[in-house]
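The structure presented is a predicted model; accordingly, all values stated were derived computationally and were not measured.
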Amino acid sequence: LGESAGGGLAAATLTAIRDGGDPRPAAAALTSPLVDFTLGAASLDDNDDPFVNRPVLEMMVQAALQGKDPGELSPLGHDLAGLSPLLIQVGTSEAIRDDGKRYADAASAAGVTVTFEQWDGMVHLWHGFPYLPEAVEATERIAEFFAEHTGGRA
């Protein structure tokens, strides 16, 4: 499970596990994943997210990549064939909504089993607000997804 930048890290880890020939996890869940370090998502400019915006992400990506090529390091730019089944959740009002959608589409096109969910009106990090019914429901969906892929051992 990875959220936001952690979702990008989880996506990159799945690729590294596959490339290293290590056993794949039974499944993975990415919530609001940042997977395009080029910041090419239209939703960055279209959505007014109170938690994440283009200037913040530009600063974070620059600091994290230290001058390395963002396109080369973006999980979205890699071959996604052979990854574990994925659950990807995004909020329709979050700035990096399109990252999750584009990653889901690319993974699905590569033959990965993908469950993609858009949560209406949710902004970045909505899972962290337990008083929101959508946060509870989305978290329950993650647990159900893992249970489905682990024979209930999640």
Side-chain angles (χ1 to χ4, degrees), residues 1-47 49 51-54 56-119 122-128 134-135 138-150 153-154:
L1 172 63
E3 180 177 43
S4 191
L9 180 59
T13 301
L14 290 171
T15 302
I17 288 169
R18 181 210 55 210
D19 291 352
D22 296 311
R24 296 180 323 158
L30 310 176
T31 59
S32 309
L34 175 62
V35 292
D36 177 10
F37 303 152
T38 69
L39 305 179
S43 57
L44 275 170
D45 300 313
D46 296 342
N47 286 348
D49 189 324
F51 297 105
V52 174
N53 57 46
R54 183 176 294 281
V56 167
L57 290 176
E58 286 172 348
M59 181 182 62
M60 288 174 57
V61 167
Q62 183 180 15
L65 299 186
Q66 296 292 302
K68 295 179 181 143
D69 181 1
E72 184 179 316
L73 294 176
S74 294
L76 184 60
H78 289 257
D79 174 21
L80 304 181
L83 297 185
S84 301
L86 296 170
L87 169 63
I88 300 172
Q89 295 179 336
V90 298
T92 61
S93 297
E94 67 178 306
I96 57 174
R97 174 200 65 216
D98 293 348
D99 274 45
K101 175 65 172 139
R102 291 166 57 211
Y103 193 79
D105 290 346
S108 183
V112 177
T113 301
V114 178
T115 302
F116 178 74
E117 298 177 353
Q118 289 193 100
W119 291 76
M122 295 297 102
V123 296
H124 198 62
L125 305 174
W126 91 89
H127 293 82
E134 295 88 350
T139 302
E140 288 172 349
R141 274 290 306 127
I142 293 167
E144 291 167 4
F145 178 79
F146 282 127
E148 291 167 12
H149 290 280
T150 62
R153 296 183 308 267

Chemist: Test Val90 against Lys101 for side-chain contact (heavy atoms from CB on, under 4.5 Å), laying out the working first.
Modeler: CA-CA 8 Å; Val90 298; Lys101 175 65 172 139; 5.7 Å; no
Chemist: Look at the side chain of Ser43 and the backbone N and O of Asp98, then say whether any donor-acceptor pair between them is shorter than 3.5 Å.
Modeler: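 Judged by distance alone, yes, a pair lies under 3.5 Å.
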Chemist: Checking Asp49 side chain against Val123 main chain: does a donor-acceptor pair fall under 3.5 Å?
Modeler: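 No.
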Chemist: Quick one: pull up OG in Ser74 and CG in Asp69 and give me the separation to the nearest 0.5 Å.
Modeler: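 Nearest 0.5 Å value for the OG-CG distance: 8.0 Å.
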Chemist: Kindly give the heavy-atom pair with the smallest separation between Val52 and Ala95, and that separation in Å.
Modeler: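 Where Val52 meets Ala95 most closely, the heavy atoms are O-CB, 3.3 Å.
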Chemist: Distance-only, no hydrogens or angles: does the Asp99 side chain make a donor-acceptor pair with backbone N or O of Asp36 under 3.5 Å?
Modeler: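 Side chain of Asp99 to backbone of Asp36: a pair is present.
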Chemist: Might you confirm whether atom CD of Glu144 has over 12 heavy atoms from other residues, nucleotides or ligands at distances under 6.0 Å?
Modeler: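 For Glu144, atom CD is crowded (more than 12 foreign heavy atoms under 6.0 Å).
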Chemist: Any side-chain heavy atom of Val114 sitting closer than 4.5 Å to one from Tyr103?
Modeler: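 They are not in side-chain contact.
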Chemist: Check whether Arg24 reaches the backbone of Gly82 with its side chain - one donor and one acceptor, N or O, closer than 3.5 Å.
Modeler: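 Indeed, once roles are kept as given, a pair shorter than 3.5 Å links the two residues.
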Chemist: Could you state the interatomic distance from OG (Ser93) to CH2 (Trp126), rounded to the nearest 0.5 Å?
Modeler: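 Reported to 0.5 Å precision, the distance equals 10.5 Å.
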Chemist: Check Gly8 against Pro33 and note the closest heavy-atom contact, atom names and distance.
Modeler: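 Minimum heavy-atom contact is N-CB, 4.3 Å.
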Chemist: List the steps and the verdict of side-chain contact (heavy atoms from CB on, under 4.5 Å) for Gln89 and Met122.
Modeler: CA-CA 10 Å; Gln89 295 179 336; Met122 295 297 102; over 6 Å; no
Chemist: Might you point out which heavy atoms bring Leu57 and Leu34 nearest each other, and give the distance in Å?
Modeler: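 In this case the closest contact between Leu57 and Leu34 is CD2-CD2, 4.0 Å.
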Chemist: Measure the CG-CG distance between Asp79 and Asp19 for me, rounded to the nearest 0.5 Å.
Modeler: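 If we round to the nearest 0.5 Å, Asp79:CG and Asp19:CG are 8.0 Å apart.
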Chemist: Enter the distance from His78:NE2 to Leu83:CG here, rounded to the nearest 0.5 Å.
Modeler: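 One gets 11.0 Å once the value is rounded to the nearest 0.5 Å.
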Chemist: How close do Ala106 and Leu76 get, counting heavy atoms only, and between which atoms?
Modeler: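 Looking at all heavy atoms of both residues, the shortest contact is CB-CD1, 4.2 Å.
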Chemist: For the atom pair CG (Leu87) and CZ (Phe146), what is the distance rounded to the nearest 0.5 Å?
Modeler: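 So the CG of Leu87 and the CZ of Phe146 are separated by 7.5 Å.
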Chemist: Do the non-hydrogen side-chain atoms of Arg54 and Glu58 ever get within less than 4.5 Å of each other?
Modeler: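 They are in side-chain contact.
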Chemist: Would you confirm whether Ser84, through its side chain, and Ala28, through its main-chain N or O, come within 3.5 Å as a donor-acceptor pair?
Modeler: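 A pair under 3.5 Å: no.
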Chemist: Is any side-chain heavy atom of Pro75 less than 4.5 Å from a side-chain heavy atom of Thr15?
Modeler: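 They are not in side-chain contact.
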Chemist: Identify the heavy atoms of Ala29 and Ile142 that sit nearest to each other, and give their distance.
Modeler: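 Smallest interatomic distance, heavy atoms only, reads CB-CG2, 4.1 Å.
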Chemist: Does a side-chain N-to-carboxylate-O contact under 4.0 Å join Glu94 and Arg97?
Modeler: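 Salt bridge: no.
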Chemist: Check the pair Leu86 / Leu14 against side-chain contact (heavy atoms from CB on, under 4.5 Å), numbers first and verdict last.
Modeler: CA-CA 10 Å; Leu86 296 170; Leu14 290 171; 3.7 Å; yes
Chemist: So which atom in Leu125 and which in Ser4 form the shortest heavy-atom distance, rounded to 0.1 Å?
Modeler: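 In terms of heavy atoms, the two residues are closest at CD2-CB, 4.5 Å.
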Chemist: Applying side-chain contact (heavy atoms from CB on, under 4.5 Å), run through Asn47 and Thr92 and close with a yes or a no.
Modeler: CA-CA 8 Å; Asn47 286 348; Thr92 61; over 6 Å; no
Chemist: NE2/His124 to CD1/Ile96 distance, rounded to the nearest 0.5 angstrom?
Modeler: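 Output value for this atom pair is 4.5 Å.
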Chemist: Checking the side chain of His127 only, and the main-chain atoms of Glu134 only, is there a donor and an acceptor separated by less than 3.5 Å?
Modeler: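 Not at all, since once roles are kept as given, no pair shorter than 3.5 Å links the two residues.
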